[in-house]
Amino acid sequence: MKHHNQLRSGSLLTYVQMTLNIIVSIAYTPFMLRILGKSEYGLYSTVASTIAILSVLSLGFGGSYVRYYILYRKEKADDKIARLNSLFLIVFSVIGLIALACGLYLTFHLEMVFKTGLTDAEYHTARILMLLLTANLAVSFPMSVFSNIISAQEQFVFLKATEILRTVVSPLVTLPVLLSGYGSIGMVVVTVTISVFVDVLRLIYCFGKLHIRGSVRNFDGAVLKDIAVFSGFIAINMVVDQVNNNLDKLIITRFCGTAATAVYAVGQQLHTYFISFSTAVSSVFTPRIHQLVQDNKDDKARLRSVLTELFVRVGRIQFLILSLVCTGIIFFGKPFIYFWAGPGYDDAYIIVLLLIIPGMVPLTQNLGIEMQRAQNLHKYRSIIYGAMAIGNLAISIWLCRSLGAIGCAIGTAVAVALANGLVMNIFYQRRLNIDVTVFWKNIGRMALGLLPPAACGVLMMRFVNLYSIPMLLGGIIVTFTLEPVLTLVLVATLPLLGVVVFSVSRRGVPLYVRVQSAVDAMVRKVQENMTGVRVIKALSKTEYEKGRFDEVNREVVRRDQHAGAVMATTNPVMSLLLNLGLTAVVVVGAFRVNAGVSQAGKIIA
């Protein structure tokens, strides 16, 4: 019962943390972009990505702790768990020292990475940022062992509570630092301080609450060898993730400068929000997957059944969430980026679409990654992803020279679509003991239900000026602060506007379906004429076929004109209602001015 409570509470807190992270980041990022400026924000993103690449030094060891902990717990071998704790702490401490050395070397040799991509002032700031982030990375490696221990023991409530603490406190402290003029350096100092504080909390929890033990007695070198073999292929996956997520920024900075990197970083940040909706679900199932594999490893049919059932059930939830978010970004992303990041970030919309659309498949199947590790089959994914990383790097460098940041996004999109959309699904079906056909049948049925809202979104993009929506909401807020009564008069027109949009869309969508069917008929007619052109000429039926084509062509024109006329009524009717609302505001305002309860200046405002 306690285990299920931790799982449910952990899942709930995961979504709370994810929601808070997105809300806080969306509210905080515009201030950061405008205070730092495009160039300094691009520099900060580049340096952060450079340090993030060093995280591959963990060699995938962190991902193997849960697997071996589950094995030893099933054996009730507390002494082996104690030796496992000590082993991981020693290994990650050594990795931390190696990361420190690598980070210091890069700090004083940045020119070999960026060459002329940075100015002298930017190199100076970059070195300070590199020193701070390198120190943080070196400390985070041994401290990450305690996070793995908490996760393996399924203490998700505390783990997610500390993440929520980090999410809320960090921007609250960082914003005053930015407003005080300390720039990206001050922002990184705050981030590092809070990160160390959270790590210390987890360390105290492990020793004080979980009473973990460590032991170096009877150290078994074979265990380290097994973990190294198991983790080696995870390390390849980590390298691929770094190529896909961070190396693009280094390439863009080198060839295009920090301003282009800032645009890519904005698009990638929206992509990060998108990914979090998937990983938030799958992350809490890691211990359960390993337990299912251990319990059913001797019964392949039973294992295929339970894994497929879990894969489909979680995948349906992930697809529903991700598809709604994806369509929202497609329909509203462009005006959102304009108002959120500001002018000059238009290409970020194209970048985020190139990243999220191919990523729908692997994120919906995100649970498969942990299923591979649980069955020790992740080496195949590593080989596939290694080839993907090489292809991504080559395409990105080639296209970046001509297309800039968009070229790097295209390279990532092509690699992800081929590796995840095609090759990995074949692997899941043939080697991972998962029935992928059942999965896609379920996803296909769900996708059909998304067609109506998608059609409404397309119509909104075509007939509604989405850029005016934030201005409308802002105007209502400002008006309400000046004259609440008149605001209510104006707001009263909104339900009428909603009725107009709904009524026109309800009638217009079927009309465009009819237009599409007429277009299909015209295409079929053209195909028939192309296929039988010799017969038509031989029988002298050219004029007859022209007449038939003119008939279907006129039907297309008639239906399209009818649909366009119906949808075109939206703008004039909405303008009429808005102007009637403004007229009502003036009339009611005049009575209020005459009654002495308002002022003429507020009416004009």
Problem set entry | side-chain hydrogen bond (donor to acceptor under 3.5 Å, both in side chains) between Gln269 and Tyr273, worked out | CA-CA 6 Å; Gln269 185 166 352; Tyr273 299 154; 2.7 Å; yes
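- How far OG of Ser402 is from CZ of Phe255: 11.0 Å, rounded to the nearest 0.5 Å.
- Ring to ring, Phe311 and Tyr428 are close: their centroids are under 6.0 angstrom apart.
- Residue Asn136 holds its CG atom at 11.0 Å from CD1 of Ile194, rounded to the nearest 0.5 Å.
- Taking both residues in full, the closest heavy atoms of Pro171 and Pro176 are given as O-CD, 4.4 Å, listed atom of the first, atom of the second, then distance.
- With Ser195 contributing its side chain and Thr191 its backbone, the two residues share no donor-acceptor pair below 3.5 Å.
- A salt bridge is defined here as a Lys NZ or Arg NE, NH1 or NH2 lying under 4.0 Å from an Asp or Glu carboxylate O, and Glu163 with Lys160 fails to meet this definition.
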For this session: In sequence, state the C-alpha distance, the side-chain angles, and the governing distance for Ile252 and Cys400, and then conclude on side-chain contact (heavy atoms from CB on, under 4.5 Å).
Result: CA-CA 7 Å; Ile252 295 168; Cys400 183; 4.2 Å; yes
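- Note that CG of Leu320 is 8.5 Å distant from CD1 of Ile317, once rounded to the nearest 0.5 Å.
- Considering only heavy atoms from C-beta on, Thr253 comes within 4.5 Å of Leu118 through its side chain.
- Taking each heavy atom of Ala138 and Leu100 in turn, the nearest pair found is CB-CB, 3.9 Å.
- Scanning both residues, Gln268 and Leu355, for their nearest heavy atoms gives CA-CD1, 4.2 Å.
- Within a 6.0 Å sphere centred on OH of Tyr123, heavy atoms belonging to other residues, nucleotides or ligands number more than 12.
- Looking at heavy atoms from C-beta onward, Met187 lies in side-chain contact with Leu178 at the 4.5 angstrom threshold.
- Within the 4.5 Å cutoff, the side chain of Val169 has no heavy atoms near those of the Phe197 side chain.
- Side chain of Arg430 to main chain of Ile426: no donor-acceptor pair is present (N/O by atom type, distance under 3.5 Å, no hydrogens or angles).
- Of all heavy-atom pairs between Gly411 and Ser396, the closest is CA-OG, 3.9 Å.
- By the 4.5 Å heavy-atom criterion applied to side chains, Val196 and Met143 are not counted as neighbours.
- Counting only heavy atoms from C-beta outward, the side chains of Ile251 and Tyr264 never approach each other to under 4.5 Å.
- When atom types are taken as modelled, the side chain of Tyr338 and the backbone of Gly333 share no donor-acceptor pair closer than 3.5 angstrom.
- Two residues are said to be in side-chain contact when any heavy atoms from C-beta on lie closer than 4.5 Å; Phe274 and Val352 fail this criterion.
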Exercise. What's the verdict on side-chain contact (heavy atoms from CB on, under 4.5 Å) for Leu43 and Ser184, showing C-alpha distance, side-chain angles and the deciding distance?
Worked result: CA-CA 9 Å; Leu43 177 65; Ser184 57; 5.6 Å; no
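- For the atom pair OG1 (Thr258) and NZ (Lys249), the distance works out to 13.0 Å, reported to the nearest 0.5 Å.
- Distance CG/Asn442 to OG1/Thr437: 10.0 Å, rounded to 0.5 Å.
- Using the six-membered ring where Trp is involved, Tyr105 and His109 have ring planes that are parallel, under 30° apart on the 30 and 60° scheme.
- Residue Pro142 comes nearest to Val139 through the heavy atom pair CD-O, 3.2 Å, listed as atom of the first residue, atom of the second, then distance.
- Surrounding CZ of Arg313 are more than 12 heavy atoms belonging to other residues, nucleotides or ligands, all under 6.0 Å away.
- Considering only heavy atoms from C-beta on, Val436 stays 4.5 Å or farther from Thr308 through its side chain.
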Exercise. Step by step, would you call Leu133 with Leu137 a side-chain contact (heavy atoms from CB on, under 4.5 Å)?
Worked result: CA-CA 6 Å; Leu133 292 174; Leu137 181 67; over 6 Å; no
Exercise. Do Phe319 and Met360 pass the side-chain contact (heavy atoms from CB on, under 4.5 Å) test, and can you show the C-alpha distance, the side-chain angles, and the key distance before you say yes or no?
Worked result: CA-CA 8 Å; Phe319 176 77; Met360 279 286 293; 4.0 Å; yes
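- Within the 3.5 Å criterion, the main-chain N or O of Ile22 finds no donor-acceptor partner in the side chain of Ser25.
- Counting only N and O atoms by type, the side chains of Thr125 and Glu40 include no donor and acceptor under 3.5 Å apart.
- For the atom pair CD1 of Ile395 and SG of Cys408, the computed distance is 11.0 Å after rounding to the nearest 0.5 Å.
- Summarising the geometry of Phe88 relative to Val145, their closest heavy-atom pair is O-CG2, 3.6 Å, with the distance given to 0.1 Å.
- No side-chain heavy atom of Tyr182 sits under 4.5 Å from any side-chain heavy atom of Val190.
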